[in-house]
Amino acid sequence: MAIISIPKGTKDVLPSESHVWQYLENILRKTASDFGFSEIRFPSFEHTELFLRGVGETTDIVTKEMYTFEDRGGRSITLRPEGTASVVRSVVENGLYAQTLPLKVYYIAPVFRYEKPQAGRLREHHQFGVEYFGSKSPAADAEVIGLADTFLKRLGIKNIRVSINSIGCPVCRKEYHAALKAYYSGHMDELCPTCHARFEKNPLRLLDCKEERCAGIAKNAPETLDYLCPECKAHFEGLKAELTALGVNYKIDTRIVRGLDYYTKTVFEFVADNIGAQSTVCGGGRYDRLVSELGGPELPGLGFGSGLERLLMVMDALGVEIPGRRLPDVFLAMAGGEAEEYVSALCFKLRASGVYAERDTTGRSLKAQMKYADKLGAKATLIIGANELANNAAVLKSMRGGRETLAELSAEDIAAKLPGINGEEMVL
RNA sequence: GUGGGUGUAGCUCAGCUGGUUAGAGUACCAGGUUGUGGCCCUGGGGGUCAUCGGUUCGAAACCGAUCACCCACCCCA
């Protein structure tokens, strides 16, 4: 029979590597919790309409990357391509805006986009995201950026700095767009083909082109920051002051534009320099109109998304040390068939009491059991045969230094003697 | 969607300009005496040489198509 392989752009997390994910997720959860964010969970699919309205009908995500299908009841369903729309939907639907504000939530969830895979880009990837609702203050922006800065440092990702920008509110953005178009219309014949498309579709993206000629033109293009209305300007100044107060190192990058329609005012990105072309490791911003656009009240919000796969790539490239997986505290080897059931029972008791005990169930010889114990990384072994059963005692042997001690054949005595023989505190 | 690269054991890869039973390292299993791991030694299992078609007396090697993976563009996390 031919094997059935994994769908394009998806990945298994194998048993030998899942502890790395757990390590990462624990740090993310702890950091979110330290900053006062509670977890929110929501379904993997939503009504397609949510993303059309939430993410924006003209965005790449909506126009060519969604996993959309009709369910058996004739409803148009979409696998979530990002988390924010779902969170906002839940906030509106459950009336969370009526509770004590601000509302601070986080999630760790898979998201789905029909992409062509490459380094750092998958069809299913996992995002850690936070959303902060109910504050217009730049102090909230700084809190969110500060949280991102903190979890990156805790993961051992130093030397990464947030880039911030403001794309203004609908009022000042309209003016800026006009200025941008006016500037670029004078350079149309010098632009690359994709930029011609951008000029019509999404002029902000013109600033982002990597073509040498386009980049040169972008250099002298008008900057969003010069077109901000007084309110947006004050917000941006406030954010800079807050970040400075927190000691968060930032730089201003006027070419940051995000691909989702809902952003207003603050946008930011943390970009890695060692994982290839897809290098944004965390990106987000403020979305003051999204809640009302999804049928809720006027409720300001902001947040970010961060790709776990990319975080792991950066950590790997940096050689960040990650604690290994748990190793057996003791391996119970048996000599001769008499001990079979006794070993089963003892192993079970040890496990039930919180000791990681292991044994062989495949009929290995004693020697092979010892090799197996070594392969598993067991910290100690106990060999049980007819003699041991008769004496109700067995030798407990360290697999590290080879030290030996006599232990009574009881889960209590073995558990009590393991820390000594292992030369370290047991992890229970 | 566009472009480039690669496809030989579970994993990492050798296989020179086409030549007969396709290799190494590693991993796995078993032995190196009778109840003991790590090192070393010996042996063993495991491959439709991505798939299909073509050239040839002969193809893992050459040609074509397809598929998969990787990388880049686009866009994003």
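Below, chain A is the first sequence line, B the second, and so on; all start at residue 1.
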- [ ] Verify the contact: side-chain N or O of Gln118(A) to OP1 or OP2 of C73(B), cut-off strictly under 4.0 Å; return yes or no.
- [x] yes
Task: Residue met sooner reading RNA chain B from 5', once Lys371(A) and Lys116(A) are mapped to nucleotides - done: Lys116(A)
Open item on the list: If you only use heavy atoms from C-beta on, which nucleotide in C75(B), G37(B), C70(B) is closest to the side chain of Lys367(A)?
Closed with: G37(B)
Open item on the list: Looking at every heavy atom in both Phe37(A) and Glu131(A), which two are closest together, and how far apart are they?
Closed with: CE2-O, 3.6 Å
Task: Phosphate OP1/OP2 of C73(B) contacted by Gln278(A) side-chain N/O (<4.0 Å) - done: yes
Open item on the list: Using atom P in both nucleotides, what's the gap between G58(B) and U21(B) to the nearest angstrom?
Closed with: 15 Å
Open item on the list: Side chain of Ala119(A) only, heavy atoms from C-beta on: which candidate in A77(B), C28(B), C71(B) is closest?
Closed with: C71(B)
Task: Closest listed nucleotide, where the reference is the side chain of Pro117(A) and the choices are C74(B), G37(B), C70(B) - done: C70(B)
TODO: Any chance you could list the contact pattern along nucleotides 45-50 of chain B? Use B for base contacts, S for sugar-phosphate-only contacts and - for none, protein heavy atoms under 4.0 Å, 5' to 3'.
DONE: ------
TODO: Sticking with atom P, work out how far C62(B) lies from A77(B), rounded to a whole angstrom.
DONE: 43 Å
TODO: Among G37(B), G35(B), A30(B), find the nucleotide with the atom closest to the side chain of Ile383(A).
DONE: G35(B)
Open item on the list: Between A14(B) and C49(B), how many Å separate the two C1' atoms, rounded to a whole number?
Closed with: 13 Å
Task: Asp141(A) bridged to Arg286(A) by N-O distance under 4.0 Å - done: yes
Open item on the list: With a 6.0 Å cut-off on the ring centroids, do Tyr227(A) and Tyr176(A) count as close?
Closed with: yes
TODO: Could you work out the separation of G45(B) and U2(B) based on their P atoms and round it to a whole Å?
DONE: 47 Å
TODO: Hey, can you tell me if Phe270(A) and Phe268(A) have their rings parallel, tilted or perpendicular (30° and 60° cut-offs)?
DONE: perpendicular
- [ ] Return yes if some donor-acceptor pair links the side-chain N/O of Ser279(A) with the main-chain N/O of Ile275(A) below 3.5 Å, else return no.
- [x] no
TODO: Hey, which sits more toward the 5' end of RNA chain B by its nearest nucleotide, Gly307(A) or Ala277(A)?
DONE: Ala277(A)
Task: Lys11(A)/Glu309(A) salt bridge by N-O under 4.0 Å criterion - done: no
- [ ] Record whether the side chain of Asp374(A) comes under 3.5 Å of the base of G38(B) through a donor-acceptor pair of N or O atoms.
- [x] no
Open item on the list: Taking any heavy-atom pair under 4.0 Å as a contact, classify Leu311(A): base, sugar-phosphate, or nothing.
Closed with: nothing
- [ ] Look at the side chain of Arg121(A) and decide which nucleotide, out of C29(B), G32(B), C74(B), has an atom nearest to it.
- [x] C74(B)
Open item on the list: Is it the case that over 12 heavy atoms from other parts of the model lie below 6.0 angstrom from the CG atom of Asn26(A)?
Closed with: yes
Open item on the list: A quick test of your reading: do over 12 heavy atoms of other residues, nucleotides or ligands sit less than 6.0 Å from CZ of Phe42(A)?
Closed with: yes
Open item on the list: side chain to side chain donor-acceptor pair (under 3.5 Å) for Thr264(A) and Arg289(A)? Distances and angles first, verdict last.
Closed with: CA-CA 8 Å; Thr264(A) 53; Arg289(A) 292 163 32 88; over 6 Å; no
Open item on the list: If you compare every side-chain N and O of Lys397(A) against the phosphate oxygens of G38(B) (OP1, OP2), does one of them come in below 4.0 Å?
Closed with: no
- [ ] Between C69(B), A72(B), U36(B), spot the one nearest the side chain of Leu366(A), thanks.
- [x] U36(B)
- [ ] Between C69(B), C71(B), C75(B), spot the one nearest the side chain of Lys8(A), thanks.
- [x] C69(B)
Task: G15(B) versus A24(B) - spacing of their P atoms, nearest Å - done: 15 Å
TODO: For nucleotides A65(B) and U6(B), find the distance between their P atoms and express it as a whole number of Å.
DONE: 15 Å
Task: Stepwise ring-ring contact (aromatic ring centres under 6.0 Å, His included) check, Phe331(A) with Tyr372(A) - done: CA-CA 9 Å; Phe331(A) 185 92; Tyr372(A) 175 49; 5.6 Å; yes
Task: Nucleotide nearest Thr280(A) when distance is taken to its side chain, options U36(B), A30(B), A77(B) - done: A77(B)
Open item on the list: Please give the stem ranges for RNA chain B, sorted by first residue number, where a stem is three or more consecutive Watson-Crick or G-U pairs and both donor-acceptor distances are under 3.5 Å.
Closed with: B:1-7 with B:67-73, B:10-13 with B:23-26, B:28-32 with B:40-44, B:50-54 with B:62-66
Open item on the list: With rounding to the closest Å, how many angstrom separate the P atoms on C71(B) and C29(B)?
Closed with: 33 Å
Open item on the list: When the P atoms of C57(B) and G10(B) are compared, how many Å lie between them, rounded to an integer?
Closed with: 35 Å
Task: Distance, nearest 0.5 Å, that separates CD of Glu65(A) from CG of Asp60(A) - done: 6.0 Å
